[in-house]
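Indexing begins at 1, ligand by ligand and atom by atom, following the structure's order.
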Amino acid sequence: MSTESLRIVWIYPDLLSTYGDRGNLLILARRARLRGMPVETLEVRSDQRLPATADIYLIGGGEDGPQALGAQRLLADGNLHRAAAQGSVVFGVCAGYQLLGTSFFAKGTQYAGLELLDLASDRGPSRAVGELAGEIDPRLGVPALSGFENHGGRTRLGAGVSPLARVTAGVGNDGQTEGAWRGKLLGTYSHGPALARNPALADLLLRWATGVHQLPPLDDRWHDQLRSERHAAVTAAARV
Ligand code: GLN
């Protein structure tokens, strides 16, 4: 951690915050505070500079226009690159995931991404809308991914990243893999919000940010019940 409190930044709530993705900020802050960690949350609008030294940066999903504008402003700002180079955690969802790569398509035009992750996004044959589930890379120690997806893009992963998950329902990157990660940078197509539906993923980001490998367990009975109900519904729907 860079200071005595955990600093979490929500990037561009005015552009990139679809499907309740701000919930990721609330979940991270809540799970940290329940463990006695002081937390400072910052919501940085697209006409403001990002801090270069926060611990966790969150980027949500967005429509094509806001996504293109957000990527241009983040490139011009430069502080997300500085933070990532210094070991900050970056978590991107959908549009916020695509723009971490080398390029993406928005409104039929190819845009440069931030090149923080070795991946590129194209337009897919159809919009991927619905439940998204997958088996997460076992090295991350996180149970099955649960989420909701709504995107037109498809993502090709390069050799410099690992898939976050192997798809068991939905589309994700390409119907086979979903999301990507490298070091402390992680992206996913999963809304829901992702960290509310996958509290173990929130704890992974907290472990990365704090360097604390054994976080005190929390009472996750409600999460676990909702996750198993959702898992059963998605599995039943896949059988129809
Ligand atoms: N505009 C992007 C796409 O359609 C991302 C959409 C989103 O963030 N939900 O692929």
Side-chain angles (χ1 to χ4, degrees), residues 9-28 43-46 56-75 80 90-134 145-158 161 163-165 167 169-181 185-198 201 205 230 234:
V9 176
W10 179 243
I11 296 178
Y12 301 169
D14 51 330
L15 295 180
L16 297 167
S17 188
T18 50
Y19 310 120
D21 286 338
R22 182 172 173 273
N24 293 329
L25 177 69
L26 304 180
I27 292 285
L28 273 180
E43 306 205 9
V44 179
R45 294 174 62 89
S46 60
I56 305 180
Y57 293 80
L58 304 172
I59 321 178
E63 303 300 324
D64 282 11
Q67 176 179 6
L69 187 57
Q72 287 164 345
R73 295 202 171 169
L74 286 171
L75 279 167
L80 189 60
V90 180
F91 178 65
V93 174
C94 205
Y97 162 48
Q98 292 178 3
L99 62 74
L100 295 177
T102 52
S103 64
F104 62 89
F105 272 83
K107 291 185 185 281
T109 303
Q110 191 176 35
Y111 286 87
L114 273 63
E115 298 190 8
L116 288 170
L117 289 176
D118 180 14
L119 53 88
S121 300
D122 295 322
R123 228 51 205 172
S126 59
R127 206 163 174 86
V129 184
E131 289 295 313
L132 175 61
L145 181 78
S146 167
F148 165 80
E149 64 182 339
N150 186 346
H151 53 101
R154 299 292 187 275
T155 299
R156 281 175 286 112
L157 305 187
V161 289
L164 171 65
V167 169
V171 176
N173 294 326
D174 58 2
Q176 304 292 317
T177 69
E178 143 54 17
W181 69 284
L185 314 182
L186 194 151
T188 175
Y189 272 109
S190 172
H191 301 278
L195 300 184
R197 285 178 63 159
N198 303 276
L201 203 52
L205 303 184
R230 177 61 57 174
V234 171

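- No donor-acceptor pair closer than 3.5 Å links the side chain of Asp118 to the backbone N or O of Val161.
- Every atom of ligand 1 is numbered from 1 in the order shown, and the set under 4.0 Å from a heavy atom of His191 is 9 (N).
- Those atoms of ligand 1 with a heavy atom of Gly153 less than 4.0 angstrom away are 3 (C), 10 (O).
- At the top of the distance list for atom 2 (C) of ligand 1, counting protein heavy atoms only, stands Gln67 OE1, 3.2 Å.
- Under 3.5 Å, the side chains of Arg230 and Ser146 contain no donor-acceptor pair of N or O atoms.
- Of the protein's heavy atoms, Asn150 O, 2.8 Å lies nearest to atom 9 (N) of ligand 1.
- The closest approach between any non-hydrogen atom of Phe105 and ligand 1 is not below 4.0 Å.
- Side chain of Asp14 to backbone of Arg45: no donor-acceptor contact under 3.5 angstrom is found.
- With hydrogens and angles left out, the side-chain atoms of Asp64 and Tyr111 include no donor and acceptor closer than 3.5 Å.
- With a 4.0 Å cut-off on non-hydrogen atoms, Phe104 does not touch ligand 1 at all.
- For the 3.5 Å distance criterion, the side chains of Arg156 and Asn173 fail to qualify, holding no donor opposite an acceptor.
- Protein heavy atom nearest atom 5 (C) of ligand 1, with residue, atom name and distance: Gly62 O, 3.5 Å.
- Contacts with ligand 1 closer than 4.0 Å are made by side-chain heavy atoms of Arg123 only, the backbone lying farther away.
- When hydrogens are left out, the protein atom nearest atom 4 (O) of ligand 1 is Gly152 N, 2.8 Å; that is the closest non-hydrogen contact.
- Using the six-membered ring where Trp is involved, His191 and Phe148 have ring planes that are tilted, between 30° and 60° apart.
- Between the side chain of Arg22 and the main chain of Ser17, no donor-acceptor pair closer than 3.5 Å is present.
- In this structure, the protein non-hydrogen atom closest to atom 1 (N) of ligand 1 is Asp64 OD1, 2.7 Å.
- Ranking protein heavy atoms by distance to atom 7 (C) of ligand 1, first place goes to Cys94 SG, 2.9 Å.
- Not a single heavy atom of Glu149 lies less than 4.0 angstrom from ligand 1.
- A donor-acceptor distance shorter than 3.5 angstrom exists from the side chain of Glu178 to the backbone of Tyr189, with no hydrogens or angles considered.
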